[in-house]
Amino acid sequence: MTVAESAEAAQRYDPRTIQEKWLDRWVKLDPFRASDDPADARERAYLVDMFPYPSGDLHMGHAEAYAIGDAIARFWFQRGLNVLHPIGWDAFGLPAENAAIRNNAHPADWTYANIETQAESFRRYAVSFDWSRRLATCDPGYYHWNQWLFLRFYERGLAYRKGGYVNWCPKDQTVLANEQVINGRCERCGTEVVRRMLTQWYFKITSYADQLLADAAELEGRWPERVLLMQRNWIGRSEGAEVHFVVEGRDEPVTVFTTRPDTLYGATFFVVAADSPLAEQLCAPDRLAELRDYVTEVRKLTDIERQDTARQKTGVFLGTYAINPVNDERIPVWAADYVLPDYGTGAIMAVPAHDQRDLDFARTFGLPVRVVVETDQPDPAETGIATPGDGKLINSGPLNGLDKTAAIAKIIQILEEKGLGRAAVNYRLRDWLVSRQRFWGTPIPIIHCPSCGEVPVPEEELPVVLPDLRGHDLAPKGVSPLAAAADWVNVPCPKCGEPAKRDTDTMDTFVDSSWYFLRYCSPGFTGGPFNPDDVRRWAPVDLYVGGVEHAILHLLYSRFFIKVLHDIGMIDFREPFTRLLNQGQVINGGKAMSKSLGNGVDLGQQLARHGVDAIRLTMIFASPPEDDIDWADVNPDAMVKFLGRVWRLAADVAAAAPAPGTAAGGDIRPNEGHGDTELRRVTHRAIDEVTRLVEAYRLNVAVARLMELVSAARKTIDAGPGASDPAVREAVEVLAVLLSLFAPYTAEECWELLGHEPSVAKAGWPAVDPALLVRESVTCVVQVNGKVRDRLEVQPEITEDELRERALAAPGVIRALDGQPIRKVIVRAPKLVNVVAG
RNA sequence: GCGGGCGUGGCGAAAUAGGAAUACGCGGCAGGUUUAGGUCCUGUUGGUGGAAACACCGUGGGGGUUCGAGUCCCCCCGCCCGCACCA
């Protein structure tokens, strides 16, 4: 490089050189360590970005999510808070196993290699993490505590094993939780899920259904409304009653749940889920063969077919009768697949007149329909349209004449008095199936002993470390690959010492992610999952940033875990995430990026082409954080251009008025009222507005304000007092600090050009001079009949009378009035006058 | 079907508490700098009419409340998301 060339390079904004320089310095400086010092008086703040799954390198979606979280974390740092902003990896899971099968390697090799790649990319992406706290859930030092927590759940009856129908993914050869079945398909691979009868481990999340629902109210306004709504729907609380029906030939009554006990007199038949054990129990012996044939047919249906509501109703009569407890009527018992075995009690009373599904069934099989709620709608038996429930009860004995609410109360009272039923609440939520027949997960710390049964692994023997199994076949076979590790499986029973076997299933990875944000508080702690003192200091998480795809799964499970830990007495709060911010997705050409569409955008290439700062700024500026960004609609070069303008401002200031020595600590130099007042007003308004905008997560608008500040500073240099004006230095120093939230490399470089060290990250948020926010004059809009006809420059403190007078004299007003009489004048000093005429 | 959200320039988007619609950026147009292109800088850019001043229209459509509505209320249309035989 010649001297002339290097001189020119020095005057050009060069993102690449800047990046390399600061990346190096930050590693040494490590500016974002959270302080655990109890004597640190700064207010603490805890921000967590949902941790990534280490499948390859970071992608465009990560770039958006972490740019948003980082802007807010850096804002908190600049505001002087003691910020905890950690990172880790959700490192167990199927893709690692599948990659290991493909490459005949160990899942750990693939996982840890990807973690290193992502960690390096995070550094380059300049995210303000406290790197001393990084964790990976596949470390034995982490999953040790999954096992420990599992045993705490087990002790309290919150972890249990039961047989029953489960969702089974034939491709992944493992069971799935209900939450992982999306439209009848596997959440991971999209394969249609089938039902299988298996014995599996569950967490009793249903015990917390009411609390999960009740506490959601506290999150109102702090979590996105749609997430709360999805959770409420998922929990699916309904109020009603349980009613006991005696079935002829059976001693024990059968209980049904109904939300409409008031229509009990309209029950004309009884339906039990065909594939529940109850169906066989209620079936007359001579009908058993028919029932079994029917169940075989039902089994052939996939969940997707079964959920098709347009499907013709099917079922079989079981040859028995149930007795309606309020009128002793004999009603036939049927088995059908429209009644679900695992909702309510798996049996219903059918009221065809007022329930569409029951009516469809009744019409298919010629069963009677009896109207018990009087409405102005035509007869359901004729129209095939069930009439809804609001009206006066008829044909219902003591309920006649009552409306719905009164009838429900009355019938519940009658049922309870006679011991025939009671008021009841039912939830759609089912227990969380946590065992998986896969290798790469946390081993379940239970030993099965032929004589002692389930025996917890003693605490001092934790962690139960995964066997290596390197070179073994990890391919899914429907039983856990761990079963093949004979040395590992066969152990003496901890209780009796006789030969026993380890449980070979592993835990759902959502167990790992249900509490990782507590582990960050003390990642090396060996006395428990977390150090309670540290958790008390930092948790709950003040702001949680991540995608809406976890609205139910992860967020519901985490809330459940926190409630259990609270009840165990390990923590003193009941909700994990005080605020939740769901960022949008990065799409391309209106569609999600995907290999099959060939519309993927590679983050590495984007960063190489435009630089980290420009990509971060593109992500922030494109739209509000919650909205999707269509990469086809954005232009990172525009951000490069903007960053170049900022850099040149700093270069101009440095050249025009070299800083008098270096200001260590890096405070913005007090301006003491010098320089161009107009620019100073713009600067202080920018500080004020950006502060409020970032606090409200309105980051795209905050960037727009920075752009305005850049334009104002440029004008002052080129067409005003020039680059040596103190107001210009002040503007550019402020700009560097504000910009550091979004474009840290460029901000650092500017800060250094302005004569500061060691890092803009240590600068502190600039203070607003309130005197500069007061406007000298205000533009008053003068309307005639609501239309703007003139504008006046007025003093902010102008009186209503004076303003009215001036407005009526304004030329635009006189012209618009054209002699019409004035009926009314509305004055909103100092901004608006509306003259009503005619 | 049920529940929720959203419709603003050619495009991404702004608009404290009902008070200047379209901030900021992209794209377009014009000019300056430049040998040229690019870079950079400046101006301009909702529609219609007009030389201009200016007028009229304009936030999916229709109605309403109000001195005043992108914002509040009612009806409709369109798009997106969630749930979906949940008794």
Side-chain angles (χ1 to χ4, degrees), chain A residues 12-13 182-184 224-234 236-238 240 256-261 263 271 273 306-311 313 336-340 342-351 354-358 360-361 426-430 548 551-552 617-618 621-624 626-630 632-642 644-645 648 689 692-693 696 698 700-708 710-711 714-715 718-719 779-791 812 815-816 823-828 831-837:
Chain A
R12 205 183 315 134
Y13 170 65
I182 313 294
N183 292 329
E225 190 50 43
R226 65 171 166 160
V227 173
L228 294 175
L229 202 82
M230 281 163 76
Q231 293 216 346
R232 286 193 187 105
N233 290 342
W234 188 261
R237 180 190 151 98
S238 35
V256 302
F257 174 76
T258 175
T259 53
R260 294 298 306 275
T263 62
V271 189
R306 197 170 163 170
Q307 283 168 8
D308 178 8
T309 47
R311 219 174 100 237
K313 289 277 182 289
D337 64 357
Y338 84 92
V339 172
L340 306 174
D342 44 10
Y343 183 78
T345 62
I348 63 155
M349 63 175 208
V351 183
H354 307 296
D355 182 286
Q356 190 60 48
R357 298 154 300 177
D358 295 344
D360 293 344
F361 192 83
N426 195 50
Y427 295 94
R428 204 186 82 110
L429 182 71
R430 284 163 234 167
V548 74
I552 304 177
L617 207 54
T618 302
F621 184 60
S623 66
E626 318 60 52
D627 288 7
D628 288 351
I629 297 172
D630 194 331
D633 290 336
V634 299
N635 184 358
D637 281 327
M639 299 300 110
V640 176
K641 181 175 148 186
F642 166 71
R645 293 186 62 170
R648 279 191 300 279
E689 289 195 35
R692 285 206 301 259
L693 288 164
R698 303 190 47 220
N700 57 325
V701 187
V703 173
R705 297 293 169 265
L706 296 189
M707 290 172 169
E708 287 171 334
V710 167
S711 293
R714 185 80 256 164
K715 274 208 182 86
D718 290 348
T779 306
C780 175
V781 173
V782 188
Q783 302 175 330
V784 176
N785 291 335
K787 285 183 180 164
V788 180
R789 297 300 179 180
D790 214 328
R791 295 186 169 94
R815 186 169 54 233
R823 281 199 294 168
K824 190 154 66 162
V825 181
I826 286 134
V827 183
R828 293 284 177 274
K831 290 181 71 177
L832 179 123
V833 177
N834 188 14
V835 181
V836 185

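Chain letters run A, B, ... following the sequence lines, proteins first, then strands; residues in each count from 1. In this text the structure is predicted, and so the values were computed from the model without any measurement.
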Quick check for you: among B:rG25, B:rC67, B:rA14, whose closest atom lies nearest to any side-chain atom of A:I826? B:rC67
Ignoring hydrogens and angles, answer whether the base of B:rC26 and the side-chain atoms of A:N635 contain a donor-acceptor pair closer than 3.5 Å. no
Which nucleotide, B:rC26, B:rA55, B:rC83, lies nearest any side-chain atom of A:K641? B:rC26
Categorize A:K824 for me: base, sugar-phosphate, or nothing, with a 4.0 angstrom heavy-atom threshold over every strand shown. sugar-phosphate
List in chain and number order the residues that pass side chain to side chain contact (heavy atoms under 4.5 Å, CB included) with A:K824, two or more places apart in sequence or in another chain; answer none if no residue qualifies. A:I826, A:V836
Can you check whether any acceptor in the base of B:rG82 is under 3.5 Å from a donor in the side chain of A:R226, or vice versa? no
Identify whether the glycosidic angle of B:rG9 places it syn (within 90° of 0) or anti. syn
Sequence neighbours excluded, which residues qualify as side chain to side chain donor-acceptor pair (under 3.5 Å) partners of A:Y338? A:D358
Given the C1' atoms of B:rG38 and B:rG32, what is the spacing between them in whole Å? 16 Å
Which residues satisfy the side chain to side chain contact (heavy atoms under 4.5 Å, CB included) test with A:D627, sequence neighbours excluded? A:S623, A:P624
In whole Å, measure the gap between the P atoms of B:rG9 and B:rA14 for me. 14 Å
At under 4.0 Å between heavy atoms, what does A:R430 touch on the DNA or RNA strands: base, sugar-phosphate, or nothing? base
Could you tell me how far B:rC72 sits from B:rA17 if I compare only their C1' atoms? Round to whole Å. 13 Å
Using only modelled atom types and a 3.5 angstrom limit, is any donor from either the side chain of A:R791 or the base of B:rA20 paired with an acceptor on the other? yes
Please classify the nucleic acid contact of A:R823 as base, sugar-phosphate, or nothing, using heavy-atom distances under 4.0 Å. nothing
Can you tell me which stems RNA chain B forms when a stem means 3 or more consecutive Watson-Crick or G-U pairs under 3.5 Å? B:1-7 with B:77-83, B:10-12 with B:24-26, B:27-32 with B:40-45, B:46-49 with B:54-57, B:60-64 with B:72-76
Under the side chain to side chain donor-acceptor pair (under 3.5 Å) rule, collect the residues that match up with A:T779, sequence neighbours excluded. A:E793
Is any side-chain N or O of A:R428 closer than 4.0 Å to OP1 or OP2 of B:rA84? yes
Set of residues satisfying side chain to side chain contact (heavy atoms under 4.5 Å, CB included) with respect to A:A704, sequence neighbours excluded: A:F621
